[in-house]
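These notes concern the structure reproduced below.
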Amino acid sequence: MIKKIITFLLFSSICFAQNCNCKSNPQLNEIITCKKTIFKNGAKLYRQFNCDSSWVVFEYKNKKRILDSLDKELIDLTGRLGFSNWEEYKNTFLVTYRNISGCCYPNNDFLYNKTNGKKIIDFGMEILSNEENNSGYTVYLDTENFNVLYIVNLTKGFYFEKKLPQQFIKKTLDIADIPQSDPRQLIEFIDIKNGLFTFKYNYKIKKNGKWLIGLSKVDLKKELGKKSIVYF
């Protein structure tokens with residue numbers, strides 16, 4: 001236990017020192033930028049690196065927090081794996097987290113508090129982007145229990161949840177031998193048109209049972225008048 005504490009303190013002291021160079025691998029200086037993003041409240045978000053790792057630091061009023069890191073074997077993928085980019089909102093900032101460095105796997109988006117750097121919510125896996133439907137909304141599927149859709153307006157900075165029948169998707173992933181890392185295989189149809197969100201998905205009740213179709217619809221205009229809207 002004492003060794004773990006000492007190791008953590010040593011790692012923290014190294015990371016919180018100003019690091020943005022690796023003499024033995026000068027190529028990293030071209031790959032990684034340590035330029036600081038300064039939010040409107042004075043908080044800062046930036047990368048640091050040395051020859052052993054790279055990491056993302058949140059800083060506010062002289063307090064620092066490490067939000068993400070890549071070890072030596074993955075440092076060349078900085079910016080393409082893990083924390084990719086971030087965007088500021090009124091009280092928060094949204095981080096795009098890349099699960100793989102290449103194509104074609106969906107990202108996760110994390111929402112963080114802009115004052116303390118703590119994660120507020122993991123929206124999960126992106127299953128419909130604004131670029132795909134041009135509605136202003138991006139849709140995510142919770143990847144822990146697979147029973148919540150997050151419908152997010154990244155332009156205006158708000159989201160609301162749409163509950164799915166509990167365990168339908170998660171149970172199907174188990175009995176149909178589909179990797180939980182990619183539940184998109186169960187999506188039959190997803191779209192936003194004329195203010196109506198439609199989500200169809202395939203599921204099973206029993207392993208040898210027939211495939212069924214689940215349907216979920218949301219009138220986005222009606223949702224905007226409800227208290228369930230969360231602004232960030």
Self-check item: Donor-acceptor under 3.5 Å (K171 side chain, I205 main chain)
Solution: yes
Practice problem: Rounded to the nearest 0.5 Å, what's the gap from CG on L70 to CG on D76? Could you check? | Solution: 10.0 Å
Quiz item: Do side-chain atoms of T92 reach the backbone of Y89 as a donor and acceptor pair under 3.5 angstrom?
Solution: no
Quiz item: Is any side-chain heavy atom of L173 less than 4.5 Å from a side-chain heavy atom of P183?
Solution: yes
Quiz prompt | Atom pair CZ (F158) and CD (E223), whose distance is rounded to the nearest 0.5 Å | solution = 10.0 Å
Quiz item: Is K207 reaching over with its side chain to a backbone N or O of I175, donor-acceptor style, under 3.5 angstrom?
Solution: yes
Quiz item: Do you reckon L77 sits in the same ILVMFWY cluster as I31, going by side-chain contacts under 4.5 Å, direct or chained?
Solution: no
Practice problem: Check L164 against F146 and note the closest heavy-atom contact, atom names and distance. | Solution: CD1-O, 4.2 Å
Quiz item: Looking at F123, Y140, F197, which one forms a side-chain contact (heavy atoms from CB on, under 4.5 Å) with L149?
Solution: F197
Quiz item: Yes or no on side chain to side chain donor-acceptor pair (under 3.5 Å) for W86 and T96, after CA distance, side-chain angles and deciding distance?
Solution: CA-CA 6 Å; W86 41 80; T96 298; over 6 Å; no
Quiz prompt | Check: Y137 and L220 side chains under 4.5 Å, non-hydrogen atoms | solution = yes
Quiz item: Backbone N or O of G82 within a donor-acceptor pair of the R98 side chain at under 3.5 Å?
Solution: no
Quiz item: Can F160 be reached from L141 by stepping across I, L, V, M, F, W or Y side chains whose heavy atoms are under 4.5 Å apart?
Solution: yes
Practice problem: Heavy atoms only: give me the nearest N116-R65 pair and the separation to one decimal. | Solution: O-NE, 3.2 Å
Practice problem: Output, in order, the C-alpha distance, side-chain angles, deciding distance and verdict of salt bridge (Lys or Arg N to Asp or Glu O under 4.0 Å) for E161 and K163. | Solution: CA-CA 6 Å; E161 301 177 11; K163 299 286 186 180; 3.7 Å; yes
Practice problem: Find out whether I169 and N147 are in side-chain contact, i.e. whether some heavy atom of one side chain is under 4.5 Å from a heavy atom of the other. | Solution: no
Quiz item: Can you name the nearest heavy-atom pair linking N202 to T172, along with the distance?
Solution: O-CG2, 4.3 Å
Quiz item: Does the ring of F110 carry K119 above it, NZ/CZ under 6.0 angstrom from centre and within 45° of its axis?
Solution: yes
Practice problem: Identify whether I178 and L212 are in the same connected component of the hydrophobic contact network (ILVMFWY, side-chain heavy atoms under 4.5 Å). | Solution: yes
Quiz item: Going by heavy atoms in the side chains, are V139 and F199 under 4.5 Å from each other?
Solution: no
Quiz item: Counting distance only, does the side-chain N/O of E132 pair as donor-acceptor with the main-chain N or O of S129 below 3.5 Å?
Solution: yes
Quiz item: Got a second to check how far L94's CG is from N85's CG, nearest 0.5 Å?
Solution: 9.0 Å
Practice problem: Determine yes or no for a side-chain-to-main-chain donor-acceptor pair under 3.5 angstrom, with N99 supplying the side chain and P106 the backbone. | Solution: yes
Quiz item: Has N194 got more than 12 heavy atoms of other residues, nucleotides or ligands less than 6.0 Å from its CG?
Solution: no
Self-check item: Note, K162 side chain near S216 side chain (heavy atom, < 4.5 Å)
Solution: yes
Quiz prompt | Side-chain heavy atoms of D109 within contact of Y97, under 4.5 Å | solution = no
Practice problem: Quick one: sort the Y60 and F58 rings into parallel, tilted or perpendicular, breaks at 30° and 60°. | Solution: tilted
Quiz item: So, does Q48 use its side chain to make a donor-acceptor pair with the main chain of N19 at under 3.5 Å?
Solution: yes
Quiz item: Looking at Y46 and E59, what are the two nearest heavy atoms and their distance?
Solution: OH-OE1, 2.8 Å
Quiz item: At what distance, to the nearest 0.5 angstrom, does CE of M125 lie from CG of D182?
Solution: 5.5 Å
Exercise. Hey, could you give me the CG/CG distance between D52 and N25, rounded to the nearest 0.5 Å?
Key: 11.0 Å
Practice problem: Please assess C51 against S24 for the test side-chain contact (heavy atoms from CB on, under 4.5 Å), listing each intermediate value before the final yes or no. | Solution: CA-CA 7 Å; C51 296; S24 63; 3.3 Å; yes
Quiz item: Any sub-3.5 Å donor-acceptor pair from N145's side-chain atoms to V148's backbone N or O?
Solution: no
Practice problem: Taking the side chain as every heavy atom from C-beta outward, state whether Q180 and K170 have any pair of such atoms under 4.5 Å apart. | Solution: yes
Exercise. Indicate the atoms forming the closest heavy-atom contact of P179 with Q185, along with that distance.
Key: CD-NE2, 4.0 Å
Quiz item: Between the main-chain N or O of S54 and the side-chain N or O of N50, is there a donor-acceptor pair closer than 3.5 Å?
Solution: no
Practice problem: Taking the side chain as every heavy atom from C-beta outward, state whether F232 and I120 have any atom pair closer than 4.5 Å. | Solution: no
Quiz item: Are I229 and Y150 grouped together when hydrophobic residues (ILVMFWY) are joined by side-chain heavy atoms under 4.5 angstrom apart?
Solution: no
Quiz prompt | Linked, directly or transitively: I127 and V218 (ILVMFWY side chains, under 4.5 Å) | solution = yes
Quiz item: Do any N or O atoms from the side chain of N113 and from the backbone of G117 form a donor-acceptor pair under 3.5 angstrom?
Solution: no
Self-check item: T198 side, atom OG1; I192 side, atom CD1 - distance, nearest 0.5 Å
Solution: 9.0 Å
Quiz item: Do the charged groups of E88 and K114 touch, with an N to O distance under 4.0 Å?
Solution: yes
Self-check item: Which atom of S135 lies closest to which atom of N130, heavy atoms considered
Solution: N-OD1, 3.3 Å
Self-check item: Set of residues satisfying ring-ring contact (aromatic ring centres under 6.0 Å, His included) with respect to Y203, sequence neighbours excluded
Solution: F168, Y201
Quiz prompt | Distance flag, aromatic centroids of F93 and F39, threshold under 6.0 Å | solution = yes
